[in-house]
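All values below were derived from every heavy atom in this structure, side-chain atoms included, with hydrogens, water molecules and symmetry-related copies excluded. Both ligands and their constituent atoms are indexed starting at 1 by order of listing. Throughout, numbering of the chain's residues begins at 1 and tracks the sequence.
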Amino acid sequence: VLSCLLKTTTSPATSAYSGAWMPASSVLYELRHLGVRALIRYDAEATGRASADFGNVSDAQPPPAAVLYPSCPEDIASLLRASCTHTSPFPVSARGCGHSTRGQASAPRGVVVDMLSLGCHASGSATRLSVSVDGRYVDAGGEQLWVDVLRAALAHGLTPRTWTDYLHLTVGGTLSNAGISGQAFRHGPQISNVQELDVITGLGEIVTCSKEKHADLFDAVLGGLGQFGVITRARIPLIQAPARARWVRLFYTGAAPLTGDQERLIGVDLGTAVSGLMDYVEGSVVLADQGQVGSWRSSFFSEADAARIAALAEEAGGVLYCLEGALYYGGAALAGESDVDKRLEVLLRELRYARGFAFVQDVSYAGFLDRVRDGELKLRAAGLWDVPHPWLNLFLPRSRVLDFAAGVFHGILRRDGGTGPMGPVLVYPMNRDRWDGNTSAVFPEEEEVFYTVGILRSAVSEGDLGRLEEQNEEILRFCEEAGIPCVQYLPYYAGQAGWEKKHFGPAKWARFVERKRKYDPKAILSRGQRIFTSPL
Ligand code: FAD
């Protein structure tokens, strides 16, 4: 075990992480004397698993020296106190499901905290996921999966308001970014829908915070990329749950009619007949040759319809657009089936999709929210889930979305007849006023509406990864040269200069650094994000 740890200290890739940091052998010594009930593993199987993630892109960061499997939040606090009171502190990162794409949840030569272990402990998940019917909230451990939060709330006829597309992500993991999906236009991201948090700061202090109490820490942690504390509990408000959803997909042959309709639906122009009629609004770009990895998010069409859609895509020059929406109905507080039929009738009449290309399914509310799971299981069965994922997610202001579409969807992604199977490409708008500028999340603030574009690619064949990564670079260069002020969502920068200049900008960077100095001055937390590499 020791020789494995020492090997990590001498790796040439570790140079950026040396200096004042504790050697791995001392990490081992510290952990042996922590005096916690938690299981600690140092073996290559555990550390290898803790440094791997969904991105599956080889990463120059050294692996962690150990993995801590906490039995309670106090174990995490002890670990953080041991690190920050030591003359040479060691990195500590919370790891949810490791759905990051560039090693963000790893802790180079430090300790990864396997958050899921909190929920597995004997005194376990019942106490770490509890619904208050009278208070209309759920208290969820930071390690809980959103799909379990949904199940617990639905058992009382209740639900959180706003989601991610995929529910098998942890509460702490999505709240460290933002947590967005097609409900965000109305309710904001998940970070706008939290009442209270329990956080363990980089100083090892356990703090309960909210907008009323320790508001600065609360705001810092939301969208904070794991930099200010480990979220061990979040209080999420609940509303009456609908029973069912009419799930709609409409095809468009151009970006302008798609985005025009999306903006009418999210209420940019409140005078229109369709604003507010949908409860969920997203959209995607359908490239003619996307194949199975391109359509994994759900199966929706019969083979005959899929062939008609492919023919329409060819006719439109290889690029189609799809508006995806949902109308909720049923359940205690919501209108019934006749009302949803009327809303749908108005939508199908007023929206400007290609006539004959409207598709509707009727599904349970829970089935709708967990729709991506189905695609995951299919890709797993085909051996296409654990492949490299060089994803690129961006936010850009509404006024530039058509320039982006022309340059990227019709240009870079279509060059040389397209890129072959790659993955879904999402594009949908959100209302800026549902986002809180005091949180750590970075989003375009110049206009009332901004778009998210998610280019969610899979590298399936040899050579795909390098080519797709080069294309991501090209997309970022294109935005820079065209003056499109985009910022990355689920951001990745190789070093501090990128974070400071490209991501945060001077004012937000200054605030981020000030908060870091306050809550994690030794820069122990979430070093895998590569934001801070030495104590402040
Ligand atoms: P991890 O990858 O384990 O960690 C991510 C970061 O958060 C790390 O820096 C880690 O240290 C930190 N962290 C983890 N847990 C905690 C905690 N309890 N306290 C403090 N910091 C913590 N995002 C969306 O917004 N919308 C989507 O629709 C969406 N769909 C996705 C679909 C798939 C298939 C995948 C793989 C990802 C998707 N994401 C989406 C991205 C996802 O929200 C982020 O990757 C999120 O971080 C994943 O949570 P995790 O638990 O796996 O985090």
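Below 4.0 Å from some heavy atom of Thr170 lie the following atoms of ligand 1, by number and element: 50 (P), 51 (O). Atoms of ligand 1 found under 4.0 Å from any heavy atom of Asp165 (numbered from 1 in listed order, with element): 27 (C), 28 (O). Heavy-atom contacts of Gly226 reach the following atoms of ligand 1: 21 (N) (cutoff under 4.0 Å). Per-residue contacts place Thr174 under 4.0 angstrom from the following atoms of ligand 1 (heavy atoms of the residue considered): 43 (O). Interface of Gly179 with ligand 1, defined as ligand atoms under 4.0 Å from a residue heavy atom, comprises 25 (O). Per-residue contacts place Cys97 under 4.0 angstrom from the following atoms of ligand 1 (heavy atoms of the residue considered): 3 (O), 50 (P), 51 (O), 52 (O).
In this structure, Phe450 has its ring center closer than 6.0 angstrom to the ring center of Trp435. For Phe395 and Phe443, the distance between ring centers is not under 6.0 angstrom.
A donor-acceptor pair shorter than 3.5 Å can be found between the side chains of Tyr280 and Glu324. A side-chain N or O of Trp146 and one of Thr174 form a donor-acceptor pair less than 3.5 Å apart. Between Ser181 and Glu282, the side chains place a donor N or O and an acceptor N or O closer than 3.5 Å (distance only, hydrogens not considered). A side-chain donor from one of Gln183 and Tyr328 sits under 3.5 Å from a side-chain acceptor of the other. Using a 3.5 Å distance cut-off with no hydrogens or angles, the side chains of Thr159 and Tyr365 do pair a donor with an acceptor. No hydrogens or angles considered: a donor-acceptor pair under 3.5 Å links the side chains of Glu376 and Tyr166. A donor and an acceptor atom, one from each side chain of Thr208 and Asp198, are located under 3.5 Å apart.
Between Met115 and ligand 1, not a single N/O pair is under 3.5 Å apart. Some N or O of Gly96 is nearer than 3.5 Å to an N or O of ligand 1, by distance alone. Of the N or O atoms in Thr164, none lie within a sub-3.5 Å distance of an N or O in ligand 1. For ligand 1, the polar-atom distance check against Ser526 finds a nitrogen or oxygen pair separated by under 3.5 Å. The distance criterion of under 3.5 Å between nitrogen or oxygen atoms is not met by Phe54 with respect to ligand 1. Inclusion of Leu169 in the set of residues having an N or O under 3.5 Å from an N or O of ligand 1 is not warranted. Polar contact check, Ser176 against ligand 1: a nitrogen or oxygen pair lies under 3.5 Å apart. Considering backbone and side-chain N/O of Ile231, one or more are found under 3.5 Å from N/O of ligand 1. For ligand 1, the polar-atom distance check finds no N/O of Arg95 at less than 3.5 Å from any of the ligand's N/O atoms.
At a heavy-atom distance under 4.0 Å, only side-chain atoms of Asn177, from C-beta outward, approach ligand 1. Under 4.0 Å from ligand 1, the heavy atoms of Leu490 that appear belong solely to its side chain. Neither the backbone nor the side chain of Phe228 comes within contact range of ligand 1; no heavy atom lies under 4.0 Å.
Not a single heavy atom of Gly224 sits less than 4.0 Å from an atom of ligand 1. Within the structure, the closest approach of Ser181 to ligand 1 does not fall below 4.0 Å when heavy atoms are considered. Using 4.0 Å as the threshold, Trp163 has no heavy atom nearer than that to any atom of ligand 1.
For atom 30 (N) of ligand 1, the nearest non-hydrogen atom from the set Tyr489, Trp146, Trp385, Tyr166 belongs to Tyr166. If you check each of Ser100, Gly173, Ala105 against atom 5 (C) of ligand 1, the one with the closest non-hydrogen atom is Ser100. Distances from atom 36 (C) of ligand 1 to the heavy atoms of His99, Glu143, Glu376, Gln529 put His99 nearest. When the options Gly98, Ala94, Gly103 are ranked by their closest heavy atom to atom 13 (N) of ligand 1, first place goes to Ala94.
A salt bridge links Arg235 and Asp139; the closest N-O separation between the charged side-chain nitrogens and carboxylate oxygens is under 4.0 Å. Lys518 has no carboxylate O lying under 4.0 Å from a charged side-chain N of Glu514, or vice versa, which leaves the two without a salt bridge. With respect to Asp520 and Arg515, no salt bridge is recorded, no charged nitrogen being found less than 4.0 Å from a carboxylate O.
Under the side chain to side chain donor-acceptor pair (under 3.5 Å) criterion, Arg511 pairs with no residue at all, not counting sequence neighbours. Arg398 is linked by a side-chain contact (heavy atoms from CB on, under 4.5 Å) to Glu263, Val268, Glu447, Val449, Tyr451, counting only residues two or more places apart in sequence or in another chain.
Both the sub-6.0 Å distance and the 45° axial angle are satisfied by Arg371 relative to the ring of Phe368.
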